[in-house]
Amino acid sequence: MKMKKTTIGLLLIITCINVYAQDFFIVREDTTFCNNLKFSTTSQGYLKSISYDDLNGKSVSIEGRKKVPDVLTFCINGSLIDKTPLKAHKPDGYIRYTERAVDGKLKVYVGRQESVDLGSGNVASGTYRFFIKMPNGTYYKINKKSNMEKYIKPYLLKCVEFKNQYKGDFSRREPQFIEMIKLYNSLCN
């Protein structure tokens, strides 16, 4: 059953990335396909509204924090936006919806200080966050040196293919780190 959910999830992500015309959002195991998807959040990051056009062209609007479903992932204009913690070391604290910079076994999220237009009227803002989500669901702040040395680097080096192929310096800088994780995801299952 877990393999089936993983396969369905990967197919949805591939569809999102390749098609671009179809928006969707995921609540638990349910996926709602739509167009013109928009959402807004409270200052704590919780969803307060969602609006979209269903596949029949009917406009749907859900307002109010208690009425809006607990969305785990949005796909808007080809971008995947996941529910993530505001602070990696406080996963049960405030949340944010953050664009996924790298997809695969290891996921990388980048959140910026300035407002970022995600298209269709969606704007994301907040402090700079640069996280990695490990397969067990744990988040680590990438630009914290101790996280790189204690958790991230040892995990990456467990994969023999990656260890043999990667000749970089395990940089915590955004472009280099993203390329390193893309390489890891391409080599290690």
Side-chain angles (χ1 to χ4, degrees), residues 6-7 9-20 22-26 37 39 41 45 71-91 93-120 122-189:
T6 303
T7 303
L10 288 173
L11 288 173
L12 291 174
I13 291 167
I14 290 167
T15 301
C16 176
I17 293 169
N18 290 331
V19 175
Y20 294 103
Q22 187 76 64
D23 295 341
F24 67 81
F25 60 92
I26 300 172
L37 179 58
F39 68 93
T41 62
V71 176
L72 302 176
T73 300
F74 289 101
C75 177
I76 301 173
N77 294 329
S79 296
L80 293 168
I81 305 159
D82 292 333
K83 180 180 176 180
T84 63
L86 174 62
K87 298 180 179 180
H89 65 283
K90 292 184 179 181
Y94 291 136
I95 62 166
R96 291 293 181 263
Y97 282 86
T98 311
E99 187 168 2
R100 200 183 300 176
V102 177
D103 190 37
K105 183 176 184 178
L106 299 177
K107 295 172 179 50
V108 176
Y109 297 96
V110 179
R112 307 220 183 273
Q113 180 78 24
E114 69 274 6
S115 295
V116 177
D117 184 1
L118 300 172
S120 301
N122 297 293
V123 177
S125 64
T127 59
Y128 178 73
R129 291 170 302 143
F130 189 31
F131 295 166
I132 187 168
K133 182 178 181 184
M134 306 301 271
N136 67 0
T138 304
Y139 290 88
Y140 293 108
K141 190 174 179 182
I142 295 164
N143 48 351
K144 186 174 179 184
K145 186 176 182 178
S146 63
N147 284 342
M148 178 60 84
E149 295 302 319
K150 288 169 64 175
Y151 305 109
I152 302 168
K153 185 177 175 180
Y155 183 85
L156 296 174
L157 293 174
K158 286 181 186 176
C159 176
V160 175
E161 292 86 357
F162 177 79
K163 186 176 181 177
N164 292 337
Q165 182 80 22
Y166 186 67
K167 304 300 180 208
D169 65 354
F170 294 91
S171 175
R172 290 176 288 132
R173 293 180 22 194
E174 189 178 315
Q176 292 87 350
F177 186 85
I178 286 173
E179 289 307 311
M180 178 178 66
I181 298 304
K182 285 180 178 178
L183 176 64
Y184 176 90
N185 283 341
S186 72
L187 297 171
C188 308
N189 291 323

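Predicted model, so just to flag it, every value in this text is computed and none were measured. Side chains included, hydrogens not; waters and symmetry mates left out as well; all remaining heavy atoms used.
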Q: Report the C-alpha separation of Arg100 and Val108 in whole Å, then their side-chain angles, then the decisive distance to 0.1 Å, and conclude whether the side chain to side chain contact (heavy atoms under 4.5 Å, CB included) test is met.
A: CA-CA 6 Å; Arg100 200 183 300 176; Val108 176; over 6 Å; no
Q) Taking all atoms of both residues into account, what is the closest heavy-atom pair of Pro85 and Pro91, and its distance? A) CB-CA, 3.7 Å
(Q) Classify the ring geometry of Phe177 against Phe130: parallel below 30°, tilted from 30° to 60°, perpendicular beyond 60°. (A) perpendicular
Q.
A side-chain contact here means heavy atoms from C-beta on lying under 4.5 Å apart; do Glu179 and Lys182 qualify?
A. yes
Q | Minimum heavy-atom distance Asn189-Lys105, with the two atoms named | A | O-NZ, 2.8 Å
Q. For the atom pair CD1 (Ile181) and CD1 (Ile132), what is the distance rounded to the nearest 0.5 Å?
A. 4.0 Å
(Q) A side-chain contact here means heavy atoms from C-beta on lying under 4.5 Å apart; do Tyr139 and Tyr109 qualify? (A) yes
Q.
Test your reading of the model: is there a side-chain donor-acceptor pair from Asn136 to the backbone of Thr138, 3.5 Å cut-off?
A. yes
Q) Within the distance-only criterion (no hydrogens, no angle test), does the side chain of Tyr97 pair as donor or acceptor with the backbone N or O of Val71 below 3.5 angstrom? A) yes
**Q.** Side chain to side chain, Arg172 and Lys145, heavy atoms closer than 4.5 Å
**A.** yes
Q | Interatomic distance, Phe74 atom CZ to Leu80 atom CG [nearest 0.5 angstrom] | A | 12.0 Å
Q) Between atom CZ of Arg96 and atom OG1 of Thr84, what is the distance when rounded to the nearest 0.5 Å? A) 9.0 Å
Q.
Does Lys141, at its NZ atom, have more than 12 non-hydrogen atoms belonging to other residues, nucleotides or ligands within less than 6.0 Å?
A. no
Q: Keeping the roles fixed (side chain from Thr98, backbone from Asp82), state whether a donor-acceptor pair exists under 3.5 Å.
A: no
**Q.** Backbone N/O of Leu37 and side chain of Asp23: donor-acceptor pair under 3.5 Å
**A.** yes
**Q.** Main-chain N/O of Gly104 paired to Lys107 side chain as donor or acceptor, under 3.5 Å
**A.** yes
Q.
Measuring from atom NZ of Lys144 to atom CD of Glu149, what distance do you get when rounded to the nearest 0.5 angstrom?
A. 13.0 Å
Acceptor/donor pairs from residues 154-171 side chains to any protein atom, 3.5 angstrom cut, sequence neighbours excluded:
{"residue": "Asn164", "atom": "ND2", "partner": "Val160", "partner atom": "O", "Å": "3.4"}
{"residue": "Lys167", "atom": "NZ", "partner": "Asn164", "partner atom": "O", "Å": "2.8"}
{"residue": "Asp169", "atom": "OD1", "partner": "Ser171", "partner atom": "N", "Å": "3.2"}
{"residue": "Ser171", "atom": "OG", "partner": "Arg173", "partner atom": "N", "Å": "3.0"}

Q. Ignoring hydrogens and geometry, is there a side-chain-to-backbone donor-acceptor pair from Asn185 to Asp103 under 3.5 Å?
A. yes
Q: Can you measure from NZ (Lys83) to OG1 (Thr73) and round to the nearest 0.5 angstrom?
A: 10.5 Å
**Q.** CA sep, side-chain torsions, deciding dist, call: Ile76, Phe39, side chain to side chain contact (heavy atoms under 4.5 Å, CB included)
**A.** CA-CA 10 Å; Ile76 301 173; Phe39 68 93; 3.7 Å; yes
